[in-house]
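Contents: one structure, followed by commentary.
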Number of protein chains: 2
Amino acid sequence: MFRLVEHTISGVGVIDKAAAILSALADGPLSLAGLVSTTDLPRPTAHRLASALETHGLLRRDSDGRFALGVALVALGHAATSGWPLAEAAHDALSRLRDRSGESAQLYVRQGEQRVCLASLESEHGLRTIVDTGAVLPLGLGSGGRVLLGEVGPDGWVASVEEREPGVASVSAPVCDSTGRVVAAVGVSGPIQRLTDNPGPVFGPEVVAAARAIAGAAGLHGHQHAT
Amino acid sequence: MFRLVEHTISGVGVIDKAAAILSALADGPLSLAGLVSTTDLPRPTAHRLASALETHGLLRRDSDGRFALGVALVALGHAATSGWPLAEAAHDALSRLRDRSGESAQLYVRQGEQRVCLASLESEHGLRTIVDTGAVLPLGLGSGGRVLLGEVGPDGWVASVEEREPGVASVSAPVCDSTGRVVAAVGVSGPIQRLTDNPGPVFGPEVVAAARAIAGAAGLHGHQHAT
DNA sequence: ATCGTGTGTTCCACAAGACGAAACATACGT
DNA sequence: ACGTATGTTTCGTCTTGTGGAACACACGAT
């Protein structure tokens, strides 16, 4: 279940309503009636705004006439990902982390009271954690979320076991800017059978190293690293 | 260079302006001054609307304070792609096409006067065509674009050699709905060295078969195929 | 250190534009 | 044939968004 920052008042009512419509459709196509029901907008308002978004390719009608997210969002989503300094910078470090740890590796950034997966590489194992790029996950559950909330252990990482999903363990570390602010979380995740119920000591150092490498590659340490 | 449908009047002025802002930022981050310049919006208007989009995560500020596309667009772009019937339906057929042809395979849909890559699988070759999902390409150049404009040869495919990019050849076929309307173009592309300067006869049949498989899997032939 | 310029942000009088109830058109189930 | 629900359009109303002016700040030139 995905939500844009909900019930937020930006000061521009039309944009608040349009964001509510996009958010409602992130879960799948909706008829006008469904959209009205989900967004609590009056029918003519929902119709007018959805049609306007359709004009710009941000929405489209599917073969049943239902409103759905449009192709322009594919391009914007791609541009958003490629424009994120971390997503590009993280790729090599995530590859190394995935290869050295043998487990799936992900990078998350905070989005309101949730986290969004900015980059994700899967391990080669048949049994592996799969998190899609763009997937929205909770903050309070799982090591990546806890890191984004500001938690960090003395060794620079946080581990979790079966917090977000049964059978899954993970280790994450914060990616910080030059002021020490946590801008992302990088980590590995996989089944407890491989990661054990105490995955931190084994995987923590590699995850911390990956976090430093990402911060460096993204130029988050000021002038310390050429970018 | 990406553009939302430009200078289109949807009937909701705020959405027209917001779409212009998103479009301007698809090419990369911009300062407020740059945004004002690119969109021709008055400074307070651009500031207000960009801040409102930022509130919803559709935009963000980068480390230099410039406006950039936000993380919410990563999630929406992902949802847009996964919600597109063709993107999911095409995956198996694109895999087979890529494997049998040995070349990169892509699926495009029309977006105004351009095309957007909805799905893309790369070949194993060191020298291969790389088109990112979400990439925006012209309609009039390249076999995929020409197919989306309605062109098709007697054998059901169109070939092009060095139209869009030097050294690149491609073959595409239309994916049609039950009324015969072209809803997408599927094709292979790669270097002339492998595809030759007459790639149609060799690759055309497989591309056409892939187009039919995609249409079937997406349920575009009415009730002929269970979906 | 001072000044001019350009940037980002806020204010607020104004009217343009968005709103949404009502009406209309269509489709569907009974 | 009728009632209900859907999608779409109309248009009087007034809320909301506009954008010039002003303010605050930063920077480069002198």
Side-chain angles (χ1 to χ4, degrees), chain A residues 4-5 7-25 27-70 178-179 222-223, chain B residues 4-25 27-70 83 178-179 222-223:
Chain A
L4 293 172
V5 183
H7 301 311
T8 299
I9 308 298
S10 69
V12 183
V14 173
I15 287 187
D16 296 346
K17 290 165 183 156
I21 290 171
L22 290 172
S23 180
L25 294 168
D27 298 323
L30 288 170
S31 64
L32 179 65
L35 195 55
V36 164
S37 173
T38 304
T39 60
D40 271 329
L41 291 169
R43 184 187 303 273
T45 304
H47 187 270
R48 184 177 55 253
L49 297 181
S51 295
L53 290 165
E54 187 182 2
T55 299
H56 293 285
L58 294 162
L59 293 185
R60 65 183 174 91
R61 300 291 194 127
D62 72 6
S63 52
D64 295 319
R66 293 178 300 173
F67 287 105
L69 296 180
S178 57
T179 68
H223 299 307
Chain B
L4 293 171
V5 183
E6 198 167 353
H7 301 313
T8 300
I9 307 298
S10 70
V12 184
V14 171
I15 287 186
D16 296 345
K17 290 165 183 157
I21 290 170
L22 290 171
S23 180
L25 294 167
D27 298 324
L30 288 168
S31 65
L32 179 67
L35 195 55
V36 165
S37 174
T38 305
T39 60
D40 270 329
L41 291 169
R43 183 186 305 272
T45 304
H47 185 270
R48 183 176 57 253
L49 297 181
S51 295
L53 290 166
E54 187 183 3
T55 299
H56 292 285
L58 294 162
L59 293 184
R60 67 185 174 88
R61 300 290 195 129
D62 73 6
S63 52
D64 294 319
R66 293 179 300 175
F67 287 105
L69 296 181
S178 56
T179 68
H223 297 306

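A, B, ... follow the sequence lines: proteins, then strands. Residue 1 opens every chain.
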At under 4.0 Å, does any side-chain N or O of B:His47 touch on OP1 or OP2 of C:dT9?
yes

Min and max contacting nt of DNA chain D in 5' to 3' order, chain B heavy atoms within under 4.0 angstrom, are D:dG17 to D:dA21

Tightest non-hydrogen contact, residues A:Val12 and B:Ala52, listed as CG2-CB, 3.7 Å

Looking only at atom types and distance, does a side-chain atom of B:Asp16 sit under 3.5 Å from a main-chain N or O of B:Ser10, one as donor and one as acceptor? yes

Do B:Leu59 and B:Leu22 touch side chain to side chain, with heavy atoms closer than 4.5 Å? yes

Students often get this wrong, so: under 4.0 angstrom with heavy atoms, is A:Arg66 touching a base, only sugar-phosphate, or nothing?
nothing

Does A:Arg60 come within less than 4.0 Å of A:Glu54, counting only side-chain N to carboxylate O?
no

Looking only at heavy atoms, the pair that brings B:Pro29 and B:Asp62 closest together is CB-OD2, 3.7 Å

Whole-Å distance, B:Leu35 CG to C:dT9 C1', equals 15 Å

Scoring nucleotides 18-27 of chain C by protein non-hydrogen atoms under 4.0 Å (B base, S sugar-phosphate only, - none) yields SBBBB-----

Item checked: Check: A:Asp64 side chain, A:Arg66 main-chain N or O, donor-acceptor pair, under 3.5 Å -> no

query: If only atom types and distance count, is the side chain of B:Ser51 paired as donor or acceptor with the main-chain N or O of B:His47 below 3.5 Å?
result: yes

>> Any base atoms under 4.0 Å from B:Ser31, or only sugar-phosphate, or nothing? Heavy atoms, all strands.
In response: sugar-phosphate

Rounded to whole Å, CD1 of B:Ile9 lies from P of C:dG17 at a distance of 10 Å

Hits for side chain to side chain contact (heavy atoms under 4.5 Å, CB included) against A:Ser37, two or more places apart or cross-chain, chain-then-number order -> none

